[in-house]
Structure formats: structure tokens, C-alpha cells
Amino acid sequence: LLRTITRYADANSLDRNHEIREFLEPIERRCAVRNEKAALQQLLPAYAGYTVSLLTGNPLPLLLGAAALTGPDPMMEENTNVHGFRGLGSRTGDMETAGLLDENEFDDD
């Protein structure tokens with residue numbers, strides 16, 4: 001898709017960087033929203049455990065809530081992918097550093 005966007009930008013004399021950023025912005029926004037939701041779901045047991053610990057004076061709910069924070073990050077793979085898209089997009093969009101090999105790396109035609 002990035003290659004198609006750069007071809008379109010070149011054919012219509014548009015700014016490659018701007019077109020790629022415009023394409024990737026909704027993806028990055030969606031990822032940010034999903035990150036916030038996942039963080040809330042991960043933090044909610046910790047906050048609930050902290051509240052119950054304060055109300056009861058028992059440290060066990062706090063420890064159980066803190067154990068929820070030690071789990072793996074469910075968004076790690078998606079964040080890595082979006083970061084890779086951003087890096088590839090900036091490299092492809094920068095005309096000065098994009099070489100012929102970068103632009104035609106997977107060119108089949």
C-alpha cells in the first residue's frame with residue numbers, strides 16, 4: 001500500500017511524506033485508543049484491589065490486583081507493528097533517502 005501511495009503522489013506531483021502520514025494517521029489513532037482501553041482493563045483490577053485493601057485493611061486484594069499488572073502486555077505486538085509501519089512510511093516518504101532499491105524492493109511489474 002505504501003508503494004501505491006508513493007506512486008500516486010509522484011504521478012500527481014503531491015508530497016509523498018504528507019500522503020503517507022495522511023494514510024497512517026487513522027491507524028495510529030486507532031492504536032492509541034486501543035492502547036488506552038487495554039491499559040484501563042489492565043489497571044482496573046489493581047485499582048479495585050487497592051480500594052478493597054484500604055476499606056478492609058487486608059493487603060491480600062492489593063497483592064492480587066498488583067499481580068494483574070505483571071501479566072504480558074496484550075498490545076505489544078500491535079504497537080510493534082504500528083511502530084514498524086511508521087518507520088517504513090517515513091523512510092518511504094522521504095525522497096532524499098529513499099533509493100531505487102527501497103522503492104522497488106517488492107516491485108513485481
Side-chain angles (χ1 to χ4, degrees):
L1 289 174
L2 292 176
R3 188 174 59 242
T4 303
I5 292 170
T6 36
R7 285 182 186 161
Y8 174 79
D10 289 342
N12 295 309
S13 300
L14 301 170
D15 183 23
R16 297 167 108 192
N17 233 350
H18 175 73
E19 295 298 319
I20 290 174
R21 270 183 297 169
E22 187 177 329
F23 175 71
L24 291 177
E25 272 180 15
I27 297 169
E28 292 175 359
R29 277 196 312 263
R30 172 79 173 142
C31 185
V33 168
R34 287 176 48 91
N35 275 330
E36 290 171 5
K37 286 183 182 178
L40 181 63
Q41 288 176 353
Q42 195 172 17
L43 286 175
L44 194 58
Y47 286 137
Y50 180 69
T51 304
V52 171
S53 278
L54 285 176
L55 293 175
T56 62
N58 185 359
L60 187 59
L62 177 63
L63 294 175
L64 292 175
L69 294 176
T70 61
D73 183 12
M75 296 296 294
M76 186 175 71
E77 184 177 349
E78 186 173 331
N79 290 335
T80 303
N81 288 339
V82 170
H83 181 70
F85 292 152
R86 188 180 309 129
L88 183 62
S90 66
R91 186 181 81 183
T92 304
D94 191 6
M95 247 178 118
E96 286 78 27
T97 59
L100 292 175
L101 293 176
D102 288 341
E103 291 180 1
N104 297 321
E105 186 174 333
F106 300 106
D107 204 3
D108 294 337
D109 40 15

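Just so it is clear, the structure is predicted and the values come from calculations on it, not from any experiment.
Hydrophobic clustering keeps Tyr47 apart from Leu54 (ILVMFWY residues linked when any side-chain heavy atoms are closer than 4.5 Å, directly or through intermediates). Hydrophobic cluster membership is shared by Ile27 and Ile5, with clusters built from Ile, Leu, Val, Met, Phe, Trp and Tyr side chains linked at under 4.5 angstrom.
Formation of a donor-acceptor pair under 3.5 Å by the Asn58 side chain with backbone atoms of Leu60 is found in this model.
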Kindly indicate, with the supporting measurements, whether the criterion side-chain contact (heavy atoms from CB on, under 4.5 Å) is fulfilled by Val33 and Arg29. CA-CA 6 Å; Val33 168; Arg29 277 196 312 263; 5.7 Å; no

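Annotation: side chain of Glu19 is in contact with side chain of Glu22 (closest heavy-atom distance under 4.5 Å).
Here the CZ atom belonging to Arg3 is positioned 8.0 Å from the OG1 atom belonging to Thr6, to the nearest 0.5 angstrom. Separating the CZ atom in Arg7 from the CZ atom in Arg16 is a distance of 11.0 Å, to the nearest 0.5 Å.
Minimum heavy-atom separation, Val52 to Pro61: CG1-CG, 3.6 Å.
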